[in-house]
Amino acid sequence: VQLQASGGGLVQAGGSLRLSCAASGSIYSSHVMGWFRRAPGKERDFVAAIRWGTGGTYYGDSVKGRFTISRNRAEKMVYLQMDNLKPEDTAVYYCAQSRTGGLRLASAYDVWGQGTLVTVSS
């Protein structure tokens, strides 16, 4: 599988962006697709994950209630709708695939996309 993330950009605080992740190759029901982010000078953080089969969703505490992860199984796309963006959401966002069903741990993800930069101005 290869992952291609897109949709990043510059937005004002309070605004919205939608990130997309296009997957090539096979994704099975047992897999999990996730979004992580890395802000300048910080560790990579878990943002959200979705179970490919059931559609069950999971969120990091800092984005809960503001971000929504979804997927389109037929098109092998994963989306991250980001609303009410804050300057602290500024980061490079990565989509990733876990074949072992890992959720919040980056080490459980096997395949990573190239990242897309989101910048939120105050």
Can you check whether [Y]'s main-chain N or O pairs, donor with acceptor, with [X]'s side chain at less than 3.5 Å?
| X | Y | answer |
| --- | --- | --- |
| Ser122 | Pro87 | no |
| Arg73 | Ile27 | no |
| Arg44 | Phe36 | no |
| Gln114 | Ala5 | yes |
| Arg104 | Tyr59 | yes |
| Thr57 | Ile50 | no |
| Lys76 | Gly25 | yes |

Roughly how far, to the nearest 0.5 Å, is [atom2] of [Y] from [atom1] of [X]?
| X | Y | atom1 | atom2 | answer |
| --- | --- | --- | --- | --- |
| Gln97 | Gln2 | CD | CD | 11.5 Å |
| Ile69 | Gln81 | CD1 | CD | 12.0 Å |
| Tyr79 | Ser20 | OH | OG | 5.5 Å |
| Leu117 | Thr90 | CG | OG1 | 8.0 Å |
| Leu80 | Ser70 | CG | OG | 8.5 Å |
| Ser98 | His31 | OG | NE2 | 8.0 Å |

Q) If you measure from the Lys or Arg side-chain nitrogens to the Asp or Glu carboxylate oxygens, is any gap between Lys86 and Asp89 under 4.0 Å? A) no
Least distance between heavy atoms, [X] atom then [Y] atom:
| X | Y | result |
| --- | --- | --- |
| Leu10 | Ser121 | CD1-CB, 4.4 Å |
| Ala23 | Val1 | CB-CG1, 4.3 Å |
| Phe46 | Gly60 | CE2-N, 3.5 Å |

Q: Tell me, yes or no, whether the heavy-atom count around Lys42 atom NZ, taken from other residues, nucleotides or ligands under 6.0 Å, exceeds 12.
A: no
(Q) Around atom CG of Asp61, are there more than 12 heavy atoms from other residues, nucleotides or ligands closer than 6.0 Å? (A) no
Q. Do the non-hydrogen side-chain atoms of Cys95 and Val78 ever get within less than 4.5 Å of each other?
A. no
(Q) Between Arg37 and Val63, does the side chain to side chain contact (heavy atoms under 4.5 Å, CB included) criterion hold? Intermediate values first, please. (A) CA-CA 11 Å; Arg37 67 186 182 187; Val63 306; 3.9 Å; yes
(Q) Quick check on the 6.0 Å ring-centre criterion: do Tyr94 and Tyr109 meet it? (A) no
Q. Does the side chain of Tyr58 come under 3.5 Å of the side chain of Arg51 through a donor N or O and an acceptor N or O?
A. yes
Q.
Check for me, please, whether Trp112 and Val92 land in the same ILVMFWY cluster - side-chain distances under 4.5 Å, paths through other members count.
A. yes
Q: Decide whether Leu103 and Phe67 are clustered together by the hydrophobic rule: side chain heavy atoms of Ile, Leu, Val, Met, Phe, Trp, Tyr closer than 4.5 Å, transitively.
A: no
